[in-house]
Amino acid sequence: MIPDLPINQSGSLVLVGAGPGDPELLTLKAVRVLKSADVVLYDDLVSDEILKFLPENAVRVHVGKRGGKPSCKQSEICDMAIAYALQGKRVIRLKGGDPMIFGRADEELRAAEAANIPVEIVSGVTAAFGAAASLKLSLTKRGIARKLQFVTAHSRGGKLPSDLDFTALVDKTATTCIYMGISTLPPLVASLRAFGMSADTPVIIVENATCENETIIQATLETILEQTACISLKGPCLIILGEAMRKRI
Ligand SMILES: C[S@@+](CC[C@H](N)C(=O)[O-])C[C@H]1O[C@@H](n2cnc3c(N)ncnc32)[C@H](O)[C@@H]1O
């Protein structure tokens, strides 16, 4: 419940990227902003170590999924952020990775703008960059990977999006970073094969990138389903696809 206080126009909203997990990947700016918080609305993938940067008396509201319970609706998160800001609070919306990548930032920016609340963004390290650093494999590679594409393989209904551009996805000169793609991996692999992607194309899954419990699965388009069949991937997973992911030999 948000306490019922009088409206005070000095509030503000900052969308802050918490990075992929390792607290040392927070930016100096993110740390400074976190220290100035009155209220923080934070996602699931934000660790306790990162929350330690908040002032002791900051109000902390977890708005992600946990323990099988459903997450807050996006409209509720927007309403909460605006209500606190209208009470004069400095509200931090702390998100995993970078707020501008698959982070529903647009809805929160629109809500702040509609309520005339000043809003700022603090960039974070997106999961793909954390994963590439862990793998020590560059996402772009001279003469091999000239194009980098970020896609989500998860539609609103939880299925593989029907409008994915498979011609672009099977482009041999591209590296594709797939967010939220584990549950739709079987139809994704089938479609990539149907669109002619070579069976030996490297595919890597990084679970919990940059965290202490990080796991890496190195496979090919042909072997990835078999290699993941008996593994329970419970943490966030990034899938990276393309020739740039071929091991150095
Ligand atoms: C809602 S999206 C948020 C992405 C985030 N804004 C970013 O820039 O990384 C959540 C998805 O990001 C990916 N992800 C986030 N953190 C990750 C991590 N530490 N390791 C692997 N994948 C991660 C997973 O695909 C996860 O399902």
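Both ligands and their constituent atoms are indexed starting at 1 by order of listing.
With sequence neighbours left out, S198 forms a side-chain hydrogen bond (donor to acceptor under 3.5 Å, both in side chains) with D200. With sequence neighbours excluded, no residue satisfies ring pair (Phe, Tyr, Trp, His ring centres under 6.0 Å) with F53. For the side-chain hydrogen bond (donor to acceptor under 3.5 Å, both in side chains) test, no residue two or more places apart in sequence or in another chain qualifies with T201.
The existence of a salt bridge linking E49 and K52 is excluded, since no basic side-chain nitrogen approaches an acidic carboxylate oxygen closer than 4.0 Å.
Within 4.0 Å of ligand 1, protein heavy atoms belong to P20, L45, G96, G97, D98, I101, F102, T126, A127, Y179, M180, V206, N208, A209, P236, C237, L238, listed by chain and number.
Checking each of V16, L28, V31, I92 against V122 for a side-chain contact (heavy atoms from CB on, under 4.5 Å) leaves exactly one that passes, namely V16.
Contact of the T176 side chain with the I239 side chain is not registered, since no non-hydrogen atoms from C-beta on lie closer than 4.5 Å.
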